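Please read the structure below before turning to the comments.
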Amino acid sequence: MFRRPLSVLSFSLMLAFGAGAMLPASAAGQADAPAAKRSIKDSYTKYEYRIPMRDGVKLFTVVYVPKDASQSHPFLMQRTPYSAGVNAQGELRYGVDWMPEAIGPSREFEEAGYIFVKQDVRGRYMSEGKWQEMTPHLAASAKRAPGEGVESEDMHDTVAWLLKHVPNNNGKVGIYGISYPGFYTAASIIDSHPAIKAASPQAPIADLYMGDDSYHGGAFMLAANFDFYASFTEAPNPAPPPKSRGEFDYGTTDGYDFFLQRLTLANIAAAMSPAQRTYFMPNIEHDSYDSFWQTRSITPHMKNVKAAVLTVGGWFDAEDPQGPFSIYGAIKKHNPAASNSLVIGPWVHGGWARGDGARLGHVNFDSKTSEYFRKNLQFPFFEQHLRGVKPARAIAEVTAFETGSNVWRQYSAWPPVQAKARTLYFGADGKLDWKAPVASGAGYDEYVADPKKPVPFIGYPATGVPREYMVSDQRFAAKRPDVLVYQSEVLEEDVTIAGPVLPKLFVSTTGTDADWVVKLIDVYPADYPQPEAERRGNDTGAPPLAMGGYQQLVRGNPLRAKFRNSFEQPEALVPNKVEALSYELGQVNHTFRRGHRIMVQVQSSWFPLVDLNPQTFTRIPSAKPEDFVKATQRVYHQPNAASGLQLMVMPAN
């Protein structure tokens, strides 16, 4: 979902374009523009329609039609809960001209001539009906409340109407969208209209509970959700969007202090207005994988997909890291003959749609990865399937940027078939080794976890979730007594991993519940050269940082231990009993270079990215301050309880 705070101008652009990323793809594409270009107003005519659905609900839809009527054009459509942009009798709104300077994913599309369509989904802004969080995909015969719909049906009805009423179309439709619009893209191609020939779900939400916006490993993603729902609120419809986005006033620049002072989820929610709590509360109240979440998972329904699909995601997408892999996998499972491709680059949420993608925070990628995607993957994909233009190079099933080595890779599947599972084992004295421990005895490390003094997720004050946290320096955490650190020897050869990272832990606690946060880290050599860009500063606004010894986060995630056996039925831990835990940390394609080290950090809080576990077995949404207690955590590294990290390792070149 859209999880970033916006400036007033950025919010204005979002409303005008109906985008779901920090800036809309269309605005980002302006980086590709030539020096001189005809304006959108010179080349396109804007129309507004209220398209009727099969149940009588009308959906507000904006259509930009090329003025060139000498040839037919394909449709390129986006469905959004963030406003398609309304003219309202020619009134100038939001501080920008309602006829924007860019309307497509990049300049190439506008110059080629597409019929651009943007639609408010049910219950949002100018569309009628009832909006639902992650609209459940219901059978046509299923009972629905008045105004409720199904996204694939709404898309089918919209396409049928457009083909009939918009002249000079070539009978082919493409659909794309980032974040929530990425979900609508995926949901719209189930049992899809035959005219839909191409679809690109980008950073799509697939299942809010299973690794995307709301929960990771059963732990609530607090900071991002609080920030999002403070501005994404229920509104009457049909009605135009507000002229400005409401910003939450934290009263501090440090979100860590803001949330810690309130401690409990009940106190944190009380800081919000009733309108802000409307959508926020269901997220925290449904703290296990119950029917609320199960009915909102789109992956079981990704069937009868007729369109070619290009799913897009970012390795450093804090909002929707799992969605692209889930959608790609579900389409492959249910539609094995479909044209189904996946692109994953070194991007934050929607980062491929804006800027050049050359770096993130203190980490450099050595090329303009976003521009490469827009020109060499996204545009050729739609041109091929909507116009029949053969691409200069066929798009592979999987195109993945390999961080660390900073190269693009093409694979026939994900994970790559060449990758083989190997385990890095924790050892005594903080050692990390490919060899399992052989020494007998009670080998373990321990620390005291205090939920009232949690481990921060970044080493500097901030509210919200800084976009660079997923590659941020972890040296601040390595110095804390409540963080275990395991580190390999200096690597003599490159080690490349591609696929899921799986912690295999043997642990115990003196409490009855605990969080186990595992972080995979790339440790730079002490003599790593200081880049020129770093001497000037970086795009986070943080001061220059010495890169020698930098501990770059590669991937991290929590597991709330009461969900170790089931996300539906939580179970208390038995104090001091050794338990085996296994979960997925996330997907990675990264090379640890020769001269670097591999590090793993283990801790029991990651605040306020993740909500606090009181370390007593209770329903956390209703936990009281007295429920939050210290606990002693142990991680074992002995022959019969050998903790480690399973990696998918690529063969050496």
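Here, residue 1 is the first one in the sequence, and each next residue gets the next number. Here the structure is a predicted model, which is why all the values come from computation and not from measurement.
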Flag for [Y]-[X]: side-chain donor and acceptor within less than 3.5 Å:
| X | Y | result |
| --- | --- | --- |
| His349 | Ser179 | yes |
| Ser127 | Gln119 | no |
| Tyr180 | Asp320 | no |
| Gln78 | Thr80 | no |
| Gln202 | Gln378 | yes |
| Thr369 | Glu371 | no |

- Message: If we check side chain to side chain contact (heavy atoms under 4.5 Å, CB included) with Phe379, which of these qualifies: Arg374, Gln384, Glu108?
- Response: Glu108
- Just one of Met155, His156, Lys306 clears the side chain to side chain contact (heavy atoms under 4.5 Å, CB included) bar with Ser192, so which one?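 Among Met155, His156, Lys306, the one that satisfies the side chain to side chain contact (heavy atoms under 4.5 Å, CB included) with Ser192 is Lys306.
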- Contacts of type salt bridge (Lys or Arg N to Asp or Glu O under 4.0 Å), residue Asp120, not counting sequence neighbours: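 Per chain and number, Asp120 pairs via salt bridge (Lys or Arg N to Asp or Glu O under 4.0 Å) with no residue.
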- Message: Under the rule for salt bridge (Lys or Arg N to Asp or Glu O under 4.0 Å), what residues qualify as partners of Arg409, not counting sequence neighbours?
- Response: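 Result, salt bridge (Lys or Arg N to Asp or Glu O under 4.0 Å) vs Arg409: Glu402.
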- Validate the cation-pi geometry between Arg124 and Phe232: distance from NZ or CZ to the six-membered ring centre under 6.0 Å, angle to the ring axis within 45°. yes
- Apply side-chain contact (heavy atoms from CB on, under 4.5 Å) to Leu265 and Asp611, showing your working. CA-CA 8 Å; Leu265 285 178; Asp611 69 321; 3.8 Å; yes
- Message: Closer than 4.0 angstrom, basic N to acidic O: yes or no for Arg296 and Glu151?
- Response: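 Result for this pair is no, no salt bridge flagged.
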